[in-house]
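Following: one structure in structure tokens, then a few remarks.
As the structure is a prediction and not an experimental result, all values here were calculated from the model. Values below: all heavy atoms of this structure, side chains included; hydrogens, waters and symmetry mates excluded. Numbering starts at 1 and runs along the sequence shown.
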Amino acid sequence: AKSAGGNRFELADPEADARTITRHGLTTALPAALDRGEFFIEYQPLVRLGDGSVRGAEALVRWLHPQHGVLGPDRFIPLAEHTGLIVPLGRWVMEQSVRQAREWRERYGDGTEGPLRINVNLSPCQLTHPGLVQETVDILERTGVAPDALCLEVTESALIGADDDLLKPLRRLAEMGVDIALDDFGTGYSNLANLRRLPVSVLKLDRSFTQGMQQFPADPVDLKIVEGIVALAHSLDLAVTVEGVETGAQAEQLRTLGCDTAQGWYYARPGPPDRLHELALADATG
Ligand code: C2E
Ligand code: CA
Ligand code: CA
Ligand code: CA
């Protein structure tokens, strides 16, 4: 029976076994993968809900594994965090993405609303890495990209109960003009009063909120919650970005609720940088 000896069941399950091997295999292959250039970045546009213009994009890393094909970040970021490889990998992602932002600026100039901005995810391990601020400064200087064209996304859970030591590098980056976004907002235990203490300028509302809006008409309680979060965020001078927007009805709903920026399959799936070029270009030419 299944209930008898979970251990034996697991050993007898070839799939679970393969998963274990793969996990171990992936972990040992990670450092060489970085040297061999097996990682690449897809970009997903962030769109202003007011006028539908492209504000910028989020960088999302992928691993083109020689045997397993393209692996999503959920498959390897936890392993990279566990082994410490996330520090050099995260630095690589930041450098590549900021270079990409410079290329966008070269193509489109500064536009009427400033250059396209780049959002980069920061893992909690990178926050505690002492080189973070200097490395970020170096990357911006090497590429000639202004700090306000960069937004670093940190998850709410990484900052829960954060002490001053953890917040210090973020504060310094924010003082330089780098935007800090609180990612996956609303999934953790949200101490709303705590928000005032954090050097963040953007709340990124988790996909679960947008999902709750998928049925039509949307649950009125869900709407009230989002409305309340937006009001609170705006009263604290924070912009609100929503992720996981999959339909035009959701986009319209979120726009009505006062959200500032949106991201999701409705606009574009994550893709190569040229896809953003097309969107931004369509934008520029009306
Ligand atoms: P995230 O930061 O919450 O990123 C958004 C995720 O939602 C992405 O998954 C994106 O592909 C997916 N998504 C976007 N629009 C939609 C939509 O309309 N519907 C649905 N169902 N999903 C949508 P992805 O690319 O698999 O990334 C997963 C997570 O991996 C990210 O979640 C982020 O936490 C992490 N990640 C990605 N790149 C990096 C990185 O360079 N560094 C670190 N530390 N973490 C990364
Ligand atoms: Ca993110
Ligand atoms: Ca997120
Ligand atoms: Ca998420």
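Taking CG of N119 as the start and OG1 of T261 as the end, the distance is 9.0 Å to the nearest 0.5 Å. One distance of note links NE2 of H129 with CZ of R91; it measures 5.0 Å at 0.5 Å rounding. Note that CG of L85 and OG1 of T27 are 10.5 Å apart. Values are rounded to the nearest 0.5 Å.
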Could you list the donor-acceptor pairs under 3.5 angstrom formed by side chains in residues 161-173, with sequence neighbours left out?
from : atom 1 : to   : atom 2 : distance (Å)
D163 : OD1    : D165 : N      : 3.3
D163 : OD1    : L166 : N      : 3.2
R171 : NH2    : R197 : O      : 3.2

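A donor-acceptor pair is defined here as one N or O able to donate and one able to accept, closer than 3.5 Å; such a pair exists between the side chain of T210 and the backbone of E243.
Checking each of I229, V230, L236 against L232 for a side-chain contact (heavy atoms from CB on, under 4.5 Å) leaves exactly one that passes, namely L236.
Q263 and Q44 are linked by a side-chain donor-acceptor pair at a separation below 3.5 angstrom, with hydrogens and angles left out of the test. Side-chain atoms of T143 and R102 include no donor-acceptor pair closer than 3.5 Å.
Nearest heavy atom pair, residue A174 against residue I180, reads CB-CG1, 4.3 Å. Heavy atoms only, all atoms of each residue included: P115 and R105 are closest at CB-CG, 4.0 Å. Considering every non-hydrogen atom in both D179 and S201, the closest pair reads OD1-OG, 2.7 Å.
Counting heavy atoms from C-beta on, the side chains of L238 and V202 never come closer than 4.5 Å. Counting heavy atoms from C-beta outward, V178 and C151 have side chains that stay 4.5 Å or more apart. The side-chain heavy atoms of S97 and I41, taken from C-beta on, include a pair separated by under 4.5 Å.
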Exercise. Go through the steps to decide whether Q211 and D206 satisfy the test side chain to side chain donor-acceptor pair (under 3.5 Å), and finish with yes or no.
Key: CA-CA 9 Å; Q211 259 157 10; D206 190 68; over 6 Å; no

Exercise. Could you check R207 against D184 for salt bridge (charged side-chain N to carboxylate O under 4.0 Å, His left out), going step by step and ending with a plain yes or no?
Key: CA-CA 7 Å; R207 192 158 71 223; D184 298 347; over 6 Å; no

Practice problem: Determine, stepwise, if the pair R99 / E95 fulfils salt bridge (charged side-chain N to carboxylate O under 4.0 Å, His left out). | Solution: CA-CA 6 Å; R99 282 186 189 288; E95 172 121 30; 2.7 Å; yes

Practice problem: Check the pair R117 / E58 against salt bridge (charged side-chain N to carboxylate O under 4.0 Å, His left out), numbers first and verdict last. | Solution: CA-CA 9 Å; R117 307 202 219 178; E58 177 174 7; over 6 Å; no

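In this structure E81 satisfies the salt bridge (Lys or Arg N to Asp or Glu O under 4.0 Å) test with no other residue, sequence neighbours excluded. When the ring-ring contact (aromatic ring centres under 6.0 Å, His included) test is applied to F39, the partners found at least two apart in sequence or on another chain are W63, F76.
Within 6.0 Å of atom NE2 in H82, 12 or fewer heavy atoms from other residues, nucleotides or ligands are found, so the atom counts as exposed in its surroundings. With a 6.0 Å radius and a threshold of 12 heavy atoms from other residues, nucleotides or ligands, Y267 has its OH atom above the threshold.
E246 and R269 are not joined by a salt bridge, as no carboxylate oxygen comes within less than 4.0 angstrom of a charged side-chain nitrogen.
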